[in-house]
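Side-chain atoms are counted along with the backbone in the values below, which use heavy atoms only and exclude waters and symmetry mates.
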Amino acid sequence: MSTTESSTYAGFTAEERAAMRDHAQEMKKAARRGSAAEKAAAAERDVLAKIADMQESDRVMAERVHAVVRAHAPELAPKLWYGMPAYARDGKVVCFFQSAEKFKARYATLGFSDLAALDDGAMWAAGFALTEVTDEVEERIAALVRRAVG
């Protein structure tokens, strides 16, 4: 294969490589755990520990998002997904919280996978920027989560 001088691909960023390492560790950890109940309890502990390690502004938002998801979609199981708190049905991620710090972004993100039942015509939002979780934002998150699990 030849390369050209105009090629600008520099590979994955350090943050992307770290996320992939996180995911590999999550998969190894999950494989070593025992019963389904033990796996679920350990996954929740892992999510709470990840949230506790976040910088304050992200941590406050992630704690509120976690509480909303657990209250309004108890059928979703918390798990780490690429080092981010995520909530899954049958092992498949439906929504996740990405801290601003994780990818050195301007804002945190509440994201939804294609499994979320948020379809609305030919185009709909699958990610929402978060700078603060107010009572109003919490209500909107609750509505989105309820709709996502449809």
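- Across all non-hydrogen atoms, the minimal contact from Y82 to A19 is CD2-O, 3.5 Å.
- Note on residues 66-77: pairs passing salt bridge (charged side-chain N to carboxylate O under 4.0 Å, His left out), not counting sequence neighbours, are E44-R70.
- Heavy-atom neighbours of Q55 CD from other residues, nucleotides or ligands within 6.0 Å: above the threshold of 12.
- Side-chain contact between M84 and K50 is absent, with no heavy-atom pair separated by less than 4.5 Å.
- Side-chain atoms of V60 and V133, non-hydrogen and from C-beta on, never get closer than 4.5 Å to each other.
- Remark: E139 pairs with no residue by the side-chain hydrogen bond (donor to acceptor under 3.5 Å, both in side chains) rule, at least two apart or across chains.
- Pairing each heavy atom of L80 with each of P85, the nearest pair is CD2-N, 4.2 Å.
- Applying side chain to side chain contact (heavy atoms under 4.5 Å, CB included) to V65 and the options V137, I51, I141 leaves one that passes, I141.
- Of all heavy-atom pairs between V145 and A73, the closest is CG1-CB, 3.3 Å.
- Taking CG of D22 as the start and CD of E15 as the end, the distance is 12.0 Å to the nearest 0.5 Å.
- Within the 3.5 Å criterion, the main-chain N or O of D119 finds a donor-acceptor partner in the side chain of R147.
- Here the closest non-hydrogen pair linking P78 and A43 is O-CB, 3.4 Å.
- Considering all non-hydrogen atoms of both residues, A88 and K79 come closest at CB-CD, 3.6 Å.
- Residues satisfying the side-chain hydrogen bond (donor to acceptor under 3.5 Å, both in side chains) test with R64, not counting sequence neighbours, are D135, E138.
- Applying the ring pair (Phe, Tyr, Trp, His ring centres under 6.0 Å) test to residues at least two apart or on different chains, the pairs with a partner in residues 86-111 are H66-Y87, W81-F96.
- Across all their heavy atoms, L115 and V93 have their closest contact at CD1-O, 3.8 Å.
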Extract all donor-acceptor atom pairs below 3.5 Å that involve side chains of residues 121-131 and protein atoms in other chains or at least two apart in sequence.
none

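- Between R59 and S57, the closest side-chain pair of non-hydrogen atoms is not below 4.5 Å.
- No side-chain donor-acceptor contact under 3.5 Å links R89 to the backbone of V94.
- Listed by chain and number, the residues in a side-chain hydrogen bond (donor to acceptor under 3.5 Å, both in side chains) with R146 are H72 (sequence neighbours excluded).
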